[in-house]
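Here is the structure we will look at.
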Amino acid sequence: MSDAEQNRSLDRGLTVLECLSRFGPRTLSEVARDADLPITTTRRLLTTLVERNFVRRSMADGRYRVNIMSRTALVDALSLEDQRFVDQLMVRLAALTRRIKWPCDLHVMDDLCMRFVDTTRPLSPHFMVPGVVDRRFNVFGAASGQACLALCPPSMVEHLIERTRGDAVFGLERFNMTKARLYDEIEATRARGYGKRLYPYLGETVAADNLSAVAVAVRSPNGTLFGIPLVFTGGLMSPEAFAETHVEALRQAALG
């Protein structure tokens, strides 16, 4: 390839990155439209960017997202190290879903809440409401949040309680719960080895989705806390019965 061709390819790759940073998650056709490039060229560029860890394609919705922050970025991005960790983790979670049929979500503890990163729901034969990347969840109510809180020191838990005080969506007041009862719940989570939704938390989607979850937490080498809910149909069995069958396999997939 000549120098001119290399420069042209580099310029097109940077244009793709700029489009993803400026406009957020995009499908292949949307990236091609935004960058004013042919579909075949855009696919080749995105394949290279994914292989080099500058971009990742989410299993949740098939959209491409930047792994790096730029001055034009409007989306929350994990560090490059954490993105690599997520890519490796999702391979194991996908294998688990193919084996046991139930899907796994992946959440990250993001400041004062849990944030949806990806999911293996498209691989499950069970119909479920699609997961929404970047959706925020109450850290005290979500199964993933309970699992992460069990790994946090008391000072971190206190920080979360104080920073969300009075917040009707992300605060502890949402559950009319005292601090003492929250600590009891965290101790119970540590004792049983997995998190479950705090009653009566139904998530941040439609109340009629009839889903439940048990979750484990894991730290990336970078120290970031991730919660991994294993999602199932709520009326099928209790979280305790579901965990007895599947939580050890979930823990093994999480830890690799």
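Computed from heavy atoms alone, side chains included, the values below leave out hydrogens, waters and symmetry copies.
Checking side-chain atoms of D118 against main-chain N and O of M59 turns up a donor-acceptor pair under 3.5 Å. Formation of a donor-acceptor pair under 3.5 Å by the R115 side chain with backbone atoms of V108 is not found in this model. A side-chain donor-acceptor contact under 3.5 Å links T120 to the backbone of C104. Within the 3.5 Å criterion, the main-chain N or O of R56 finds no donor-acceptor partner in the side chain of R65. Judged purely by atom type and a 3.5 angstrom limit, R174 has no side-chain atom pairing as donor or acceptor with the backbone of D167. Without hydrogens or angle criteria, S212 side chain to T233 main chain gives no donor-acceptor distance under 3.5 Å. For the pair Q146 (side chain) and G141 (backbone), a donor-acceptor distance under 3.5 Å is absent.
V91 and I228 are members of different hydrophobic clusters when ILVMFWY side chains are connected at heavy-atom separations under 4.5 Å. M156 and F140 fall within the same hydrophobic cluster, defined by Ile, Leu, Val, Met, Phe, Trp and Tyr side-chain heavy atoms under 4.5 Å apart, directly or through other members. Tracing side-chain contacts under 4.5 Å through hydrophobic residues (I, L, V, M, F, W, Y), one reaches L37 starting from I39; they form part of the same cluster.
Side-chain atoms of C19 and R26, non-hydrogen and from C-beta on, never get closer than 4.5 Å to each other. At a threshold of 4.5 Å between non-hydrogen side-chain atoms, the residues V117 and D110 do not count as touching. A 4.5 Å side-chain heavy-atom check between V139 and F170 finds every atom pair outside the cut-off.
Surrounding CD of E173 are more than 12 heavy atoms belonging to other residues, nucleotides or ligands, all under 6.0 Å away.
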Step-by-step salt bridge (Lys or Arg N to Asp or Glu O under 4.0 Å) determination, R63 to E30
CA-CA 9 Å; R63 293 176 181 269; E30 288 170 337; 2.8 Å; yes
Step-by-step salt bridge (Lys or Arg N to Asp or Glu O under 4.0 Å) determination, E81 to R84:
CA-CA 5 Å; E81 293 80 3; R84 288 170 176 159; 5.6 Å; no
Please lay out, stage by stage, how L89 and R92 fare under the test side-chain contact (heavy atoms from CB on, under 4.5 Å).
CA-CA 5 Å; L89 180 56; R92 300 196 298 271; 3.4 Å; yes
Starting from the C-alpha separation in whole Å, work towards a yes-or-no answer on side-chain contact (heavy atoms from CB on, under 4.5 Å) for W102 and L236.
CA-CA 12 Å; W102 294 107; L236 184 68; 3.4 Å; yes
Test side-chain contact (heavy atoms from CB on, under 4.5 Å) on L230 and V247; report intermediate values, then the result.
CA-CA 8 Å; L230 185 61; V247 79; over 6 Å; no
After noting the C-alpha distance and the side-chain angles of L255 and V218, does the key distance pass the side-chain contact (heavy atoms from CB on, under 4.5 Å) rule?
CA-CA 7 Å; L255 298 175; V218 62; 4.0 Å; yes
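Scanning both residues, K101 and P125, for their nearest heavy atoms gives O-CD, 3.4 Å. Nearest approach of V157 to C152, heavy atoms of both residues: CG2-CB, 4.2 Å. When every heavy atom of R121 is checked against every heavy atom of D105, the shortest pair comes out as NH2-OD2, 2.6 Å. Heavy-atom minimum distance, P103 versus S124: CD-OG, 3.7 Å. Between V214 and P239 the shortest heavy-atom distance is CG1-O, 3.6 Å.
Between atom CD of residue E162 and atom CD of residue E158 there is a gap of 6.5 Å, rounded to the nearest 0.5 Å. Separating the CD atom in E248 from the OH atom in Y194 is a distance of 13.0 Å, to the nearest 0.5 Å. Taking NE2 from H126 and OG1 from T97, the interatomic distance works out to 10.0 Å, rounded to the nearest 0.5 Å. From R197, atom CZ reaches atom OG of S144 across 9.5 Å, with rounding to the nearest 0.5 Å. Rounded to the nearest 0.5 Å, atoms CD (E240) and CZ (R192) are 7.0 Å apart. Atom CG of L198 is separated from atom CZ of F175 by 5.5 Å, given to the nearest 0.5 angstrom.
Residues passing the side chain to side chain donor-acceptor pair (under 3.5 Å) test with E187 are R190, sequence neighbours excluded. Looking at residues two or more places apart in sequence or on another chain, you find no side chain to side chain donor-acceptor pair (under 3.5 Å) involving R12.
Relative ring orientation between F137 and F116 is described as tilted, the plane-to-plane angle lying within the 30° to 60° band.
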